[in-house]
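Below is one structure, written out as structure tokens; comments come after it.
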Amino acid sequence: MRKLLFTLILVSIASAGLAQLKDLRPGFNLFSSQQDIQLGQEAAAQVAQQETVVPNAQLTGYLNNILMRLSSTPHGQSEFPYKANAIASKDINAFALPGGPIFVYTALIGEASNEAELAGVLAHEMTHVKLRHGTNQATQENLIELPLALAAKAAGNSMLGQLEKLGISLGVNSLLLKMSRSHESEADYNGAQTMAEAGYNPVAMAQFFQKLEAKGGRETGLTQFLSDHPNPGNRVKAVQNEVRLMPRRAYTTDSGQFPAIKQLVATIPVPPPKTPVPQK
Ligand SMILES: [Zn+2]
């Protein structure tokens with residue numbers, strides 16, 4: 001018995017020593033990478049019709065500079081062309097579409113305490129794109145019907161139109177936007193690697209999510225974000241465990257522009273909510 005215990009201890013010490021960072025890869029997918037890009041472009045055009053995309057070059061440039069810094073790292077880079085835009089809204093939200101388009105709501109920028117927190121959301125969203133989580137979910141739920149729908153798209157129809165016939169849209173509980181907890185774990189994991197490689201403290205990402213979750217009960221403007229990015233468990237602890245396996249680095253929290261961007265965002269007018277408030 002004692003010998004067995006001793007062996008068990010040895011094995012666990014050995015496996016702890018072997019623990020190392022993983023390189024996550026996309027799961028099974030019936031869409032081609034090019035189809036992810038086409039779908040994302042169509043969906044982004046729909047978003048631009050429904051939401052108020054902010055036409056401010058300073059803000060868009062700032063967001064895309066962070067994206068560029070993140071996507072030039074080993075874990076941030078992918079085959080997809082990332083592009084960020086801000087949406088003027090009181091809702092605290094951010095989402096990524098397949099193939100690269102990322103939208104960040106002005107109220108979410110207003111909630112971030114520093115650039116690292118905002119970069120954390122971007123690194124998390126970029127990972128949903130890179131690991132193709134949206135079309136992976138659409139694949140899992142529509143294994144039988146998808147090949148025909150994608151073939152119909154090849155015949156020249158709109159991809160979003162074909163997918164809407166299968167119930168896949170950008171609406172509530174969208175398969176393209178509402179992530180599973182395992183996809184969330186992956187987005188946190190690869191997002192943290194991306195953050196660290198870009199020189200941002202990776203824990204800032206998980207801390208920002210935790211801050212938003214703590215606010216969630218009171219702030220209705222967070223419902224969509226928290227529902228699309230469900231907490232996979234203890235986010236901060238998971239990232240802290242991951243960081244222990246990383247080489248030591250010096251991190252920055254800010255490129256120096258964040259305070260000016262926060263001020264700018266506070267001056268951007270938000271449109272009234274689209275859904276009518278029920279009358280008493
Ligand atoms: Zn997510």
Side-chain angles (χ1 to χ4, degrees), residues 44 47-48 50-73 75-77 81-97 100-129 187-188 191-216 218-219 221-222 224-226 229 236 239 249-273:
V47 169
Q50 292 170 352
E51 304 287 345
T52 309
V53 175
V54 181
N56 182 297
Q58 188 189 355
L59 178 57
T60 313
Y62 175 73
L63 292 173
N64 284 287
N65 281 343
I66 300 177
L67 273 192
M68 222 179 305
R69 177 168 164 185
L70 294 167
S71 65
S72 55
T73 65
H75 285 89
Q77 67 176 3
Y82 299 111
K83 190 169 186 293
N85 273 291
I87 287 176
S89 176
K90 270 189 187 147
D91 288 342
I92 300 168
N93 199 2
F95 62 90
L97 296 170
I102 293 173
F103 292 91
V104 184
Y105 289 47
T106 49
L108 182 133
I109 302 171
E111 285 297 318
S113 309
N114 52 52
E115 186 175 296
E117 290 190 348
L118 175 59
V121 170
L122 292 171
H124 177 103
E125 297 295 346
M126 283 167 69
T127 304
H128 284 317
V129 172
D188 283 356
Q193 286 170 306
T194 304
M195 290 277 282
E197 287 162 0
Y200 291 113
N201 188 340
V203 179
M205 174 186 65
Q207 281 169 340
F208 189 40
F209 272 89
Q210 197 180 47
K211 189 166 93 181
L212 296 181
E213 275 155 18
K215 211 178 161 73
R218 287 171 279 136
E219 202 85 9
L222 261 164
Q224 194 62 50
F225 184 73
L226 297 180
H229 303 279
V236 173
V239 172
R249 295 182 177 94
Y251 297 123
T252 56
T253 50
D254 205 334
S255 63
Q257 299 166 60
F258 188 74
I261 291 294
K262 277 266 277 205
Q263 278 181 2
L264 168 69
V265 162
T267 65
I268 294 172
V270 290

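This structure is a prediction, so every number in the text was calculated from the model and none was measured.
Ring-plane geometry between Phe209 and His124 is classed as tilted, the angle between the planes lying from 30 to 60 degrees on a 0 to 90 degree scale.
For the pair Gly191 and Ala123, the tightest heavy-atom approach, listed with the atom from each and the gap, is O-CB, 3.7 Å. Counting all heavy atoms, side chain and backbone alike, Leu212 lies closest to Leu226 at O-CD1, 4.2 Å. Heavy atoms only, all atoms of each residue included: Ile66 and Ala119 are closest at CG2-CB, 3.7 Å. Among all heavy-atom pairs drawn from Glu111 and Glu117, the shortest one is O-OE1, 4.3 Å. Summarising the geometry of Leu122 relative to Leu63, their closest heavy-atom pair is CD1-O, 4.1 Å, with the distance given to 0.1 Å. Across all non-hydrogen atoms, the minimal contact from Asp254 to Pro259 is OD2-CD, 3.7 Å.
In this structure, Thr106 contributes its side chain and Ser89 its backbone to a donor-acceptor pair below 3.5 Å. Side chain of Ser71 to backbone of Gly76: no donor-acceptor contact under 3.5 angstrom is found.
Atoms CG and CD, on Asn85 and Glu51 in that order, are 12.0 Å from each other to the nearest 0.5 Å. To the nearest 0.5 Å, atom CE of residue Met195 and atom CZ of residue Arg69 are 9.0 Å apart. With rounding to the nearest 0.5 Å, the separation of CE in Met126 from CD in Gln77 is 9.5 Å. With rounding to the nearest 0.5 Å, the separation of CG in Leu70 from CG in Asn64 is 11.0 Å. Between Met205 atom CE and Thr127 atom OG1 the span is 7.5 Å, to the nearest 0.5 Å. The CD1 atom of Ile109 sits 5.5 Å away from the CG atom of Leu118 when rounded to the nearest 0.5 Å.
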Can you give the donor-acceptor pairs under 3.5 Å from side chains of residues 261-272 to other protein atoms, not counting sequence neighbours?
unit_1, atom_1, unit_2, atom_2, d
Lys262, NZ, Gly110, O, 2.7
Lys262, NZ, Ala112, O, 2.8
Thr267, OG1, Leu264, O, 2.6

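When side chains are defined from C-beta on, Asp91 does not count as touching Gln224, because their heavy atoms never get closer than 4.5 Å. His229 places a side-chain heavy atom less than 4.5 Å from the side chain of His128.
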Practice problem: Could you please spell out the steps behind the side-chain contact (heavy atoms from CB on, under 4.5 Å) verdict for Val53 and Phe103? | Solution: CA-CA 9 Å; Val53 175; Phe103 292 91; 4.3 Å; yes

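Partners of Val121 under the side chain to side chain contact (heavy atoms under 4.5 Å, CB included) rule, at least two apart in sequence or in another chain, are Ala94, Leu108, Glu125, Phe208.
Defined by atom type and a distance below 3.5 Å, a donor-acceptor pair is present between the side-chain atoms of Glu115 and Tyr62.
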